[in-house]
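Following: one structure in structure tokens, then a few remarks.
Letters go in sequence order (proteins before strands), and every chain restarts at 1. The model shown is predicted, which means the values in this text are computed figures rather than measured ones.
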Amino acid sequence: MSLEVRIRHRQGRFLLDAEFASTGGLTVLFGRSGSGKTTLANAIAGLNRPGEGVIRLGDTVLLDTARGVFLPAHRRRIGYVFQDARLFPHLSVRHNLVYGTWFTRQRQAVADLDQVIGLLGIGHLLDRRPSGLSGGERQRVAIGRALMASPRLLLMDEPLASLDEARKAEILPFIERLRDEVGIPIVYVSHAVAEVARLATTVVVLVDGRVVRSGQARQVMASLDMFQGQERAEAGALLDTRLAGHEPAYALSVLQAPAGRLLVPLLDRPVGTPVRLRIRARDVTLAVRQPDGLSAQNILPGRITAIGRTDGPVVDVQLDCAGDLLIAQVTRRAIATLPLEVGRPVFAIVKSISFADGSDMGSSA
Amino acid sequence: MGAWLTPEEWTAVLLSLRVATVATLWSLPFGLLVAMLLARGRFPGRAFLDTLVHLPLVLPPVVTGYLLLLTFGRRAPVGNFLAEQFGIVFAFRWTGAVLACAIMAFPLMVRAIRLSIEAVDRRLEQAAGTLGAHPAWVFLTVTLPLILPGIVAGMILSFAKALGEFGATITFVSNIPGETQTLPSAIYTLTQIPDGEAGAMRLVLVAVAISMAALIGSELLARRIHHRIGA
């Protein structure tokens with residue numbers, strides 16, 4: 001189901017002027033706080049009313065200001081998982097979950113209660129009150145509640161932002177399963193690069209109320225000026241790989257990507273599973289000759305396609321490795337002395353332990 | 001208890017309970033509506049409505065009673081119309097006592113409910129909307145349960161106020177034993193006659209007992225609701 005958004009909306013002195021389209025999968029609206037992500041999500045949900053614009057979901061017109069069309073939120077069938085969960089405090093978890101079914105026709109159901117409970121692992125919480133749940137449990141119930149209302153689109157507004165790292169790691173796999181197994185298009189608001197890397201099919205980058213870049217996650221994440229300031233430490237490209245085998249003797253797994261074979265710490269998943277890998281730019285070293293006698297296990301041949309500009313010490317270099325785009329961060333001195341220039345064949349070196357904490361390896365759509 | 005109170009005193013107690021109960025129940029839907037309008041509404045005349053509702057709180061009760069008499073008396077335009085068209089008579093009837101009590105207690109009820117409406121997290125209502133609930137259903141399934149403590153508080157306040165209402169009632173519907181002589185009117189009458197002190201004291205004790213029962217009852221109810229909505 002396709003989503004088409006084109007709106008202009010003024011809120012005080014802030015102007016949101018955004019346009020993007022999504023054809024399914026998980027679309028991340030990425031930007032800092034104040035960039036207009038939530039306002040955009042609220043416009044899609046019908047929680048605010050943009051001054052101008054068109055929003056279309058499949059063949060349903062949700063908003064068309066020129067024709068005076070505004071479908072109220074309760075008739076849009078768009079599930080919304082809020083950052084603060086917003087569970088109904090006066091209802092049990094079970095009644096929170098089925099709340100939406102009171103207003104939906106059964107034949108529209110995308111999932112039944114047992115499926116949702118199984119998917120999210122919340123069976124043991126059914127008779128509890130929201131006030132007695134942990135943050136992670138609350139967020140899972142909120143996701144289940146939105147699913148039970150049989151939405152045609154699921155909006156998630158920084159659903160992990162209020163959780164600690166352990167809780168985030170607990171919920172991410174559920175969102176991946178949602179994306180891969182349930183098949184509802186998801187629009188996911190986030191300012192966390194790690195979440196984009198892990199979840200996004202499509203990325204829409206917002207800066208000051210405008211879309212500055214949008215496209216496939218792999219393309220957007222591998223563009224050079226995507227990350228600025230502190231976020232540069234998070235910069236990194238995405239590889240869609242397949243689990244090719246295990247080397248239990250060394251506690252390693254082998255991933256196969258177009259760019260080459262990569263050894264990563266042992267993954268507890270069956271051979272053949274698609275794995276999306278984020279390779280952080282700061283973990284990539286470049287060599288101009290085939291290196292020999294290195295402890296680093298992953299050496300990917302490629303060609304430099306672009307070199308970023310900077311006055312600082314560190315430069316971003318984009319490589320094409322058999323169709324996979326990688327980003328490497330090297331010193332400006334290395335660029336000058338090797339020298340590195342666009343078109344030059346190079347070898348990208350990545351240590352396997354770069355992936356030791358597992359947070360950069362997710363399932364792939 | 002029947003033997004402890006004289007039949008006249010017993011009549012006054014029962015009448016007061018009936019008047020206060022009926023006044024509270026009748027004003028509840030209006031109180032809810034006005035509280036909702038004042039808490040959420042954006043319309044011209046909102047400030048005027050706010051003032052009008054609160055007027056009985058600041059006006060001398062005798063003035064309110066007299067205004068009621070001027071409006072709902074048998075010869076007054078509204079009172080005449082209601083009597084002719086619907087057969088509803090307020091003047092010098094127990095129904096008039098109900099009206100006087102309801103109006104005097106109305107600001108207290110509206111205040112309590114309005115405060116609880118303003119305390120409701122509207123983002124919960126938004127969430128209900130995204131789950132497909134029509135605004136009317138949102139009100140019934142989210143807003144109403146969340147403001148229940150305020151409604152209970154408003155009803156108890158209204159009941160207590162109605163039980164003690166004196167000035168407006170006696171001015172509007174007089175002090176007719178068995179028809180409009182409520183507990184406060186009966187106590188007042190007893191203090192005006194020789195040897196009435198004992199009867200007055202008995203009724204005072206009854207008034208204290210009823211008021212305390214209402215307070216304790218509301219406290220227990222509030223606790224239960226509080227527990228239920230898990231706030």
- Heavy-atom distance under 4.5 Å between the side chains of A/P89 and B/L146, does that happen here? yes
Interface check, chain B: of A/F82, A/W102, A/F88, most non-hydrogen pairs under 4.5 Å belong to A/F88
In this structure, CG of A/N48 is separated from CD of B/Q126 (nearest 0.5 Å) by 9.0 Å
Nearest heavy-atom approach of A/H74 to B/P135 is CE1-CD, 3.5 Å
So the side-chain hydrogen bond (donor to acceptor under 3.5 Å, both in side chains) pairs with at least one residue in residues 129-154 of chain B (sequence neighbours excluded) are A/Y99-B/T141, B/E125-B/T143
Over 12 non-hydrogen atoms of neighbours within 6.0 angstrom of CZ in A/R32:
no
Are there more than 12 heavy atoms of other residues, nucleotides or ligands under 6.0 Å from atom CZ of A/R75?
-> no
Residues 24-33 of chain B vs salt bridge (Lys or Arg N to Asp or Glu O under 4.0 Å), sequence neighbours excluded, gives none
Interatomic distance, CG@B/L131 vs CD1@A/I78, rounded to 0.5 Å, equals 12.5 Å
| If you count the non-hydrogen atoms of other residues, nucleotides and ligands that lie under 6.0 Å from CZ in A/R13, is the total more than 12? | no
Please determine whether the number of non-hydrogen atoms from other residues, nucleotides or ligands lying under 6.0 Å from atom CZ of B/F48 exceeds 12.
no
Subject >> Salt-bridge present (A/R86, B/D121; N to O < 4.0 Å) >> reply: no
If one checks every heavy atom of A/L87 against chain B at 4.5 Å, the contacting part turns out to be backbone
